[in-house]
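So you know, we letter chains A, B, ... as the sequences are listed, proteins then strands, and number each from 1.
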There are 2 protein chains.
Amino acid sequence: MVTATNNVTKRERDCLVLIGEKSDSRFPMRLHEIAENMRVSAPTAFSVVKRLMFKGLADSRDGMIMLTESGIETTKRILMVHRTYESLFCQSGVSEDVACLEASDIDFILPIENAKLVLKRIDSPSNCPHGKPISTVQ
Amino acid sequence: MVTATNNVTKRERDCLVLIGEKSDSRFPMRLHEIAENMRVSAPTAFSVVKRLMFKGLADSRDGMIMLTESGIETTKRILMVHRTYESLFCQSGVSEDVACLEASDIDFILPIENAKLVLKRIDSPSNCPHGKPISTVQ
DNA sequence: ACCATACGTTAGTATCATTCTAATGTTATT
DNA sequence: AATAACATTAGAATGATACTAACGTATGGT
């Protein structure tokens, strides 16, 4: 059975992955950092973060923004899917940069169940082209 | 070099593929048919078709809607990408129906150049799981 | 204590895709 | 001529995305 896709848009996905990769509990992100990284104005970043908070994926305290448990899980799923298709693209002969970009366009759309199957089909690499682990957890 | 992605939204993609598969020069589609197939009201279908016309992908004459040359090309590219990923999913163990649905979610986003490479990586099947040809033309 | 700087937040606006219902044309068939 | 079938326009709503300008708040230096 295929689980419903992550209910996030591309921008929300970008924001989620950004926070997931650039922060941890000791160093949460500031709104300005997010805005700069996403190359949008602070109010725009703020509205994306607000949507993430509304969806229970992010949380903010004293201007520090961090992911919730649910947000961390969602991000992990997105990254697993990302690295799977990124690996497929690279194995096919696409450059690392392009592979990463294209994977980013679909990793929040495609369900993790199928990514797991695809991963097997492409000989179960344990790391993405950048060397990051393709965790099969969850 | 990677060509810019087809500049269409999901709805426009659905409409494009619908017209591309259900019509030909002798039997163009009526708006009502499109609306029924897309399960939206006639005005909604109309607005999608209008956007396709604005983008130079469709044309209408006497209420008959058909694709332009550019629309036919775009649809072909989308279908090639569709069938490639559909094949990948099926080879990986995903059911035909699910494979088709998921392929529909990404076939208008991913460029044909990379689909061609992926197709080779998955042993160059010449037909999609439904038996339709994966044309490598264009 | 005061001011400036840095930052978050709100207000207001705009665009685009998507959707609907209700109303209005238009055409063709009876 | 009337009706039916269809296309089209009008009007409205929502949600994502984006901006600038303004406002609030807190911190650090003078």
Tell me the interatomic distance from B:Glu12, atom CD, to C:dA17, atom C1', rounded to whole angstroms. 8 Å
Would you indicate what B:Val40 reaches in the nucleic acid, counting non-hydrogen atoms under 4.0 angstrom: base, sugar-phosphate, or nothing? sugar-phosphate
Can you tell me the distance, in whole Å, between the NZ atom of B:Lys55 and the P atom of C:dA17? 6 Å
Has B:Glu102 got a side-chain atom pairing as donor or acceptor with A:Leu110's backbone, closer than 3.5 angstrom? no
If only side-chain N and O atoms of A:Ser41 are considered, is one of them under 4.0 Å from the OP1 or OP2 phosphate oxygen of D:dC19? yes
What nucleotide among C:dT9, C:dT19, D:dA18 has an atom nearest to a side-chain atom of B:Ser47? C:dT19
Between D:dG15 atom C1' and A:Lys10 atom NZ, what is the distance in whole Å? 19 Å
Rounded interatomic separation in angstrom, taking CE from B:Met38 and P from C:dA17: 14 Å
Please state how far atom NE2 in A:His32 lies from atom C1' in C:dC7, giving the value in whole angstrom units. 6 Å
B:Phe46 has an atom CZ; how far is it from atom C1' of D:dC6, in whole Å? 12 Å
Both A:Ile65 and B:Arg39 contact DNA chain C. Which one's nearest nucleotide lies toward the 5' end? A:Ile65
Proximity to the side chain of B:Thr44 - top-ranked nucleotide from D:dA7, C:dT19, C:dT10: C:dT19
With distance as the sole criterion, is a donor-acceptor pair present between the side chains of B:Asn127 and B:Lys132 under 3.5 Å? no
Round to the nearest Å and state the distance from B:Arg11 atom CZ to C:dC16 atom C1'. 16 Å
Counting just side-chain N and O atoms, does A:Arg30 come under 4.0 Å of either OP1 or OP2 of C:dC7? no
Keeping the roles fixed (side chain from B:Arg83, backbone from B:Pro133), state whether a donor-acceptor pair exists under 3.5 Å. yes
May I ask you to test the B:Leu57-B:Val8 pair for a side-chain heavy-atom distance under 4.5 Å? yes
What do you reckon, is NZ of B:Lys10 surrounded by more than 12 foreign heavy atoms closer than 6.0 Å? yes
How many Å lie between CG on A:Leu31 and P on C:dG8, as a whole number? 5 Å
